Amino acid sequence: MSETTRDPEPQRTPSTSDTAAGGIDSGLHRTLDWKGAFWIASGVPALVLFSIGAIAATVGAPSPLVWTVSIVFGLLQSFVWAEIAGLFPSKSGGASVYGAMAWVRYAKPVAPLSVWCNWLAWSPVLTVGSGLAAGYVLTALFPAEATINTWSMTLLPLGFIQEGLEVRLNAQFVIAALFLLLVFGLQHGGILRAARVQTVIGLAVLVPLLVIGVVPLITGDVVAANFQPFVPLSGAWDASGWTLFAGGLFLAAWSAYAFETSICYTAEFKNPGRDTVRAILSAGIACLVIYTLVPFAFQGALGVERLTQDDIVDGNGVGQAMTEIVGGGPVVANLLIVMLVLALLLTIMTTMAGSSRTLYQGSRDGWLPRFLSRTNQHGAPTRAMWTDLVFNLVLLLLSDYVFVLATSTVCYMIFNFLNLNAGWMHRVDNPDAPRPYRAPTILIAIGTVLAFVNALLLGWGANVYGGGALLTGLIAAAIIVPVFYYRHKVVDKGVFPASFSDDLPAENGEPGAVALPRRAGIRPYVVLAGGVVMVIIGQLLAAAGT
């Protein structure tokens, strides 16, 4: 079993991704420390505001428990991410890139699926965040019945996918697009400048979030009756109730696991071995505090009935709800609107920084189209950023952001399943590789168990948000397979770029030959089959609870 085998195809070749039409690619710059990465990831705690109403409207009184369980899952998983990130100090792009290096040895199409699903999950934050920020601006400046708020032009009805879904053009789209262009301009100057900007905005956002979570506890405004009866909206902890709870955990994962973006910048850390684990654990602790306190305070002070009203479910009434929690008149309400807009801009910056680097590294390693592997003179992956921007301008035209969230969460659960299993796969295949941080084995085992829990939630909870969410997400994920094969077989002639082998040892010390030992036997294939079985079980449980 200890005999080493290797994939005959991945050989080192002169890099084709280090150059681009018009000149030499400057590459990413090592200018960041763990504190900078923490502030870049500081937009993640504000994600709780994106779906706090949607989850309350799905689950009911137990929704704060959903958030607590989900963030605990995310924190336990982060130890796996921290270890595998340390194995690849020269790569950016986050856990999906590091996980892809485990799966490529056994199933080539699975490796780009990991990277692609991570991007499809993260990138729509730009749509949801900019759309909500635009909504806050419009409601703050104009009456609800004003023409600018009510005008909308339907471009394409999509009711066959989800009832009420359509492609439309309105004022919210225009303002959201301007927000995206603003963030693009800030990111264009490189990661260090972005981190400095986000440090200032992060302080302006995290402190108010913490205040909102703590003030009701101090003032006694958290009312026990708002948590009673502690049962899902179905009325009991029966099959229907557990299905709703699973739907809540499914959607919350998109936000609560997201602080793993703090390790997207490994190739830009001054000291990857030290900075990687500090960045993800500090971001995880901050999220643990916010994701536990804020949903508890919202429900304890406002009650389920208020949280499930349309204005909070769609996000546009969250500012007013925060005013009700802390008290105050129009001045306080306007300050909170400003804070919310800053919070959303922060999440947009966090997302554009992380998701563009996933595209960039995926391109450099041969998973995604070659044109994405270009940086500007500041070390910003501008072509990947343009791709993010254009993709989200299209998504902004959609009328239902909750459906977008549910569909992207399908992709996020696929990524989580694959990459949590990559933790033990790297342990088996690369036992002697230097590990700046080595997670306790028990946490690697817990991460593996949670991989299958996530697969179960994928099948069980996705369609709570619409019958087309799971299918749409799976179709979106599958798009990468022909894209990858075109890149690998046609463009690269079956040979991976030189940057693919960054941080991999050479086979028998021979220059140009990549060591890809496969010691796990059939276990990776058993894992894939087990993941499919868990999704099917989840679907059966969902059907029983309908």
Side-chain angles (χ1 to χ4, degrees), residues 4-13 15-17 80-81 83-119 266-267 357-370 372-373 414-431 433 451 477-507 512-529 531:
T4 298
T5 60
R6 66 187 180 99
D7 188 327
E9 288 194 28
Q11 301 291 321
R12 291 184 65 90
T13 60
S15 174
T16 57
S17 62
V80 179
W81 310 144
E83 176 173 317
I84 65 175
L87 293 171
F88 301 98
S90 300
K91 293 184 183 294
S92 67
S96 62
V97 171
Y98 318 135
M101 303 306 293
W103 283 103
V104 68
R105 308 157 197 263
Y106 300 95
K108 279 187 181 179
V110 175
L113 182 66
S114 168
V115 177
W116 176 249
C117 282
N118 190 21
W119 179 71
T266 305
R357 280 155 179 80
T358 299
L359 290 178
Y360 168 81
Q361 192 65 51
S363 175
R364 284 183 57 82
D365 288 351
W367 312 124
L368 304 178
R370 183 186 293 176
L372 296 167
S373 58
I414 295 172
F415 146 73
N416 270 277
F417 175 80
L418 294 174
N419 283 269
L420 287 171
N421 279 293
W424 69 262
M425 292 170 66
H426 276 304
R427 283 274 182 103
V428 172
D429 287 333
N430 305 296
I479 291 173
I480 191 56
V481 176
V483 172
F484 163 68
Y485 273 110
Y486 178 81
R487 166 71 196 269
H488 187 60
K489 296 295 185 181
V490 178
V491 177
D492 292 339
K493 311 302 181 186
V495 180
F496 283 100
S499 54
F500 167 87
S501 58
D502 285 348
D503 307 312
L504 290 175
E507 180 71 28
V514 180
L516 288 174
R518 293 185 288 193
R519 302 186 176 99
I522 66 169
R523 282 174 286 178
Y525 307 107
V526 173
V527 160
L528 291 175

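Hydrogens, waters and symmetry mates play no part in the numbers below; they use all other heavy atoms, side chains included. As the structure is a computational prediction, the values presented were derived from the model and not from experiment.
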Quick check: do [X] and [Y] have side-chain heavy atoms less than 4.5 Å from each other?
{"X": "V428", "Y": "R523", "value": "yes"}
{"X": "R370", "Y": "D492", "value": "yes"}
{"X": "W103", "Y": "L418", "value": "yes"}
{"X": "N421", "Y": "P524", "value": "no"}
{"X": "V115", "Y": "T358", "value": "yes"}
{"X": "W424", "Y": "V527", "value": "yes"}
{"X": "P431", "Y": "R519", "value": "yes"}
{"X": "F500", "Y": "W367", "value": "yes"}

*Quick one: ring-ring contact (aromatic ring centres under 6.0 Å, His included) partners of Y106, sequence neighbours excluded?*
none

What's the spacing between [X] [atom1] and [Y] [atom2] if we round to 0.5 Å?
{"X": "M425", "Y": "N430", "atom1": "CE", "atom2": "CG", "result": "10.0 Å"}
{"X": "Y485", "Y": "K489", "atom1": "OH", "atom2": "NZ", "result": "6.5 Å"}
{"X": "L420", "Y": "I84", "atom1": "CG", "atom2": "CD1", "result": "8.0 Å"}
{"X": "M101", "Y": "K91", "atom1": "CE", "atom2": "NZ", "result": "4.5 Å"}
{"X": "W116", "Y": "L359", "atom1": "CH2", "atom2": "CG", "result": "8.0 Å"}
{"X": "N118", "Y": "I414", "atom1": "CG", "atom2": "CD1", "result": "11.5 Å"}

*Before accepting this row, confirm whether a basic side-chain N of the pair R518/D429 lies closer than 4.0 Å to the acidic partner's carboxylate O.*
no

Under 3.5 Å: donor-acceptor pair, side chain of [X], backbone of [Y]:
{"X": "R487", "Y": "S363", "result": "yes"}
{"X": "H426", "Y": "L87", "result": "no"}
{"X": "S114", "Y": "G99", "result": "no"}

*Please name all residues satisfying side-chain hydrogen bond (donor to acceptor under 3.5 Å, both in side chains) with W119, sequence neighbours left out, ordered by chain then number.*
D388

*Dump the intermediate steps for ring-ring contact (aromatic ring centres under 6.0 Å, His included) on W81 and F415, then the final yes or no.*
CA-CA 12 Å; W81 310 144; F415 146 73; 5.8 Å; yes

*asked:* Does Y486, at its OH atom, have more than 12 non-hydrogen atoms belonging to other residues, nucleotides or ligands within less than 6.0 Å?
replied: no

*Indicate the atoms forming the closest heavy-atom contact of V495 with H488, along with that distance.*
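For V495 versus H488, the nearest heavy atoms are N-CE1, 4.0 Å.
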
